[in-house]
Visitor: 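I'd like to ask some things about the structure below.
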Amino acid sequence: MRLLLIGPPGSGKGTQAIVIAKHFGIRHISSGELLRQHITDQTAVGRAAAEYVARGDLVPDGLVMDILRKPVEAASKEGGYVLDGFPRTVGQAESAYLIAKDLGARVQVALYLDVPHDELLARMMRRGHTDGRSDDKEDVMHHRIEVFEELTTPLLDYYARREILVRVDGARPVEEVSAAAIAELEKIRPTLT
Ligand code: AP5
């Protein structure tokens, strides 16, 4: 299965991607985690991406595509992937489609985690206190949500038009969201080509 998760910051993409990847025996690839690792390692990509991540802005497409190309291609050959945090814009989705279609790596399902703003902020606040992620500061959190609303929500129409969008209510306890997501994915699994 080749799946991507769409959801605002704090909606549970990373949390659910781990469960879904384990259930379907596919690889979890997180654009945010890969970027944070590059920043920690101070690679050229990390140095170029750091300011954008700190501000809560999207990192330029070229950098993101560069770090994802190899893992996505490799995962596609090994049963599939759950991609968490990419694409973030219709432009990224279109570029990725052009690259992926010839490699047999194109997305089959897009799963949207729907969570209201108040709950997103509460989750990120809690994490900011425990994990100290540098972009979990109040002004940056608000900006990340605005960026999602403006640049990422058009993806919902994009995938709905391709009839591969599944919506799940993500404002429930983690286990309930996982069960609902897996049930929806199991329903459509036999129809995937
Ligand atoms: P990224 O790492 O993708 O962060 P994000 O989208 O802001 O999402 P989060 O990691 O905050 O939340 P999540 O939805 O994964 O939820 P999680 O499971 O962690 O991106 C970071 C930055 O990298 C971006 O701002 C951008 O700069 C850059 N970037 C990344 N991809 C890019 C791209 N494609 N193009 C350009 N730039 C890109 O859960 C959040 C918290 O809530 C956790 O503490 C968790 O334990 C808790 N939680 C989860 N589910 C529940 C639940 N059901 N109930 C209660 N608590 C829950």
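Each ligand, and each atom within it, is numbered from 1 in the order the structure gives. Count residues from 1 along the sequence.
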Visitor: Please state whether Arg55 comes within less than 4.0 angstrom of ligand 1, counting heavy atoms only.
Guide: no
Visitor: What do you reckon, does Glu176 put a non-hydrogen atom under 4.0 Å from ligand 1?
Guide: no
Visitor: Quick one: which of Glu138, Met141, Lys137 gives a side chain to side chain contact (heavy atoms under 4.5 Å, CB included) with Met124?
Guide: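 The residue from Glu138, Met141, Lys137 that satisfies side chain to side chain contact (heavy atoms under 4.5 Å, CB included) with Met124 turns out to be Met141.
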Visitor: Say whether Ser11 and ligand 1 are in contact under the criterion: heavy-atom distance to a ligand atom below 4.0 Å.
Guide: yes
Visitor: I'd like to know if Gln16 contacts ligand 1, where contact means a heavy-atom distance under 4.0 Å to any ligand atom.
Guide: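 Not so, Gln16 does not reach ligand 1.
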Visitor: Among Glu33, Arg123, Met125, whose heavy atom sits nearest atom 42 (O) of ligand 1?
Guide: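 Ranked by closest heavy atom to atom 42 (O) of ligand 1, first place is Arg123.
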Visitor: Look only at the side chain of Arg144 and the backbone of Asp135, and say whether a donor-acceptor pair between them is shorter than 3.5 Å.
Guide: yes
Visitor: Looking only at distances, please establish whether an N/O atom of ligand 1 is found under 3.5 Å from an N/O atom of Asp136.
Guide: no
Visitor: If I compare all heavy atoms of Pro87 with all of Leu4, which pair ends up nearest, and what's the gap?
Guide: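 That closest heavy-atom pairing would be CD-CD2, 3.4 Å.
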Visitor: Would Glu186 and Arg189 pass as an ion pair if we require N to O under 4.0 Å?
Guide: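 The answer is yes: the pair qualifies as a salt bridge.
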Visitor: Say whether Gly85, considering both its backbone and side-chain N or O atoms, lies within less than 3.5 Å of an N or O atom on ligand 1.
Guide: yes
Visitor: Before signing off on this row, confirm whether Asp135 and ligand 1 have an N or O atom pair separated by under 3.5 Å.
Guide: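 Such a contact does not occur with ligand 1.
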Visitor: Under 4.0 angstrom from ligand 1, any heavy atom of Gly10?
Guide: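 For ligand 1, residue contact (heavy atoms, under 4.0 Å) with Gly10 is present.
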Visitor: Nearest 0.5 Å please: distance from the OG1 atom of Thr40 over to the CD atom of Glu33.
Guide: 9.5 Å
Visitor: Work out which heavy atom in Gly85 is nearest to a heavy atom in Ser31; give both atom names and the distance.
Guide: O-OG, 3.0 Å
Visitor: With side-chain hydrogen bond (donor to acceptor under 3.5 Å, both in side chains) as the test, would you mind laying out the steps for Asp136 and His129 before giving the verdict?
Guide: CA-CA 9 Å; Asp136 282 343; His129 289 304; over 6 Å; no
Visitor: So for ligand 1, is Gly14 a polar contact partner (N or O within less than 3.5 Å, distance only)?
Guide: yes
Visitor: Report yes if some N/O of Gln92 lies less than 3.5 Å from some N/O of ligand 1; otherwise report no.
Guide: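 Yes.
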Visitor: Using modelled atom types and a 3.5 Å cut-off, is there a donor and acceptor pairing between side-chain atoms of Asp169 and backbone atoms of Ala171?
Guide: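 Pair found, side chain donor or acceptor close to backbone of Ala171.
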Visitor: Where's the contact between Asp57 and ligand 1, heavy-atom distance under 4.0 Å: side chain, backbone, both or neither?
Guide: backbone
Visitor: Before accepting this row, confirm whether a basic side-chain N of the pair Lys77/Glu73 lies closer than 4.0 Å to the acidic partner's carboxylate O.
Guide: yes
Visitor: Would you check whether Ala171 reaches within less than 4.0 Å of ligand 1, judged by its heavy atoms?
Guide: no
Visitor: Evaluate side-chain hydrogen bond (donor to acceptor under 3.5 Å, both in side chains) for Gln16 paired with His28, printing each intermediate quantity in order.
Guide: CA-CA 10 Å; Gln16 298 303 332; His28 171 204; over 6 Å; no
Visitor: Is ligand 1 under 4.0 Å from a heavy atom in the side chain of Lys13, in the backbone, in both, or in neither?
Guide: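 The answer is both, backbone and side chain.
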Visitor: Does Val59, backbone or side chain, put an N or O under 3.5 Å from an N or O of ligand 1?
Guide: yes
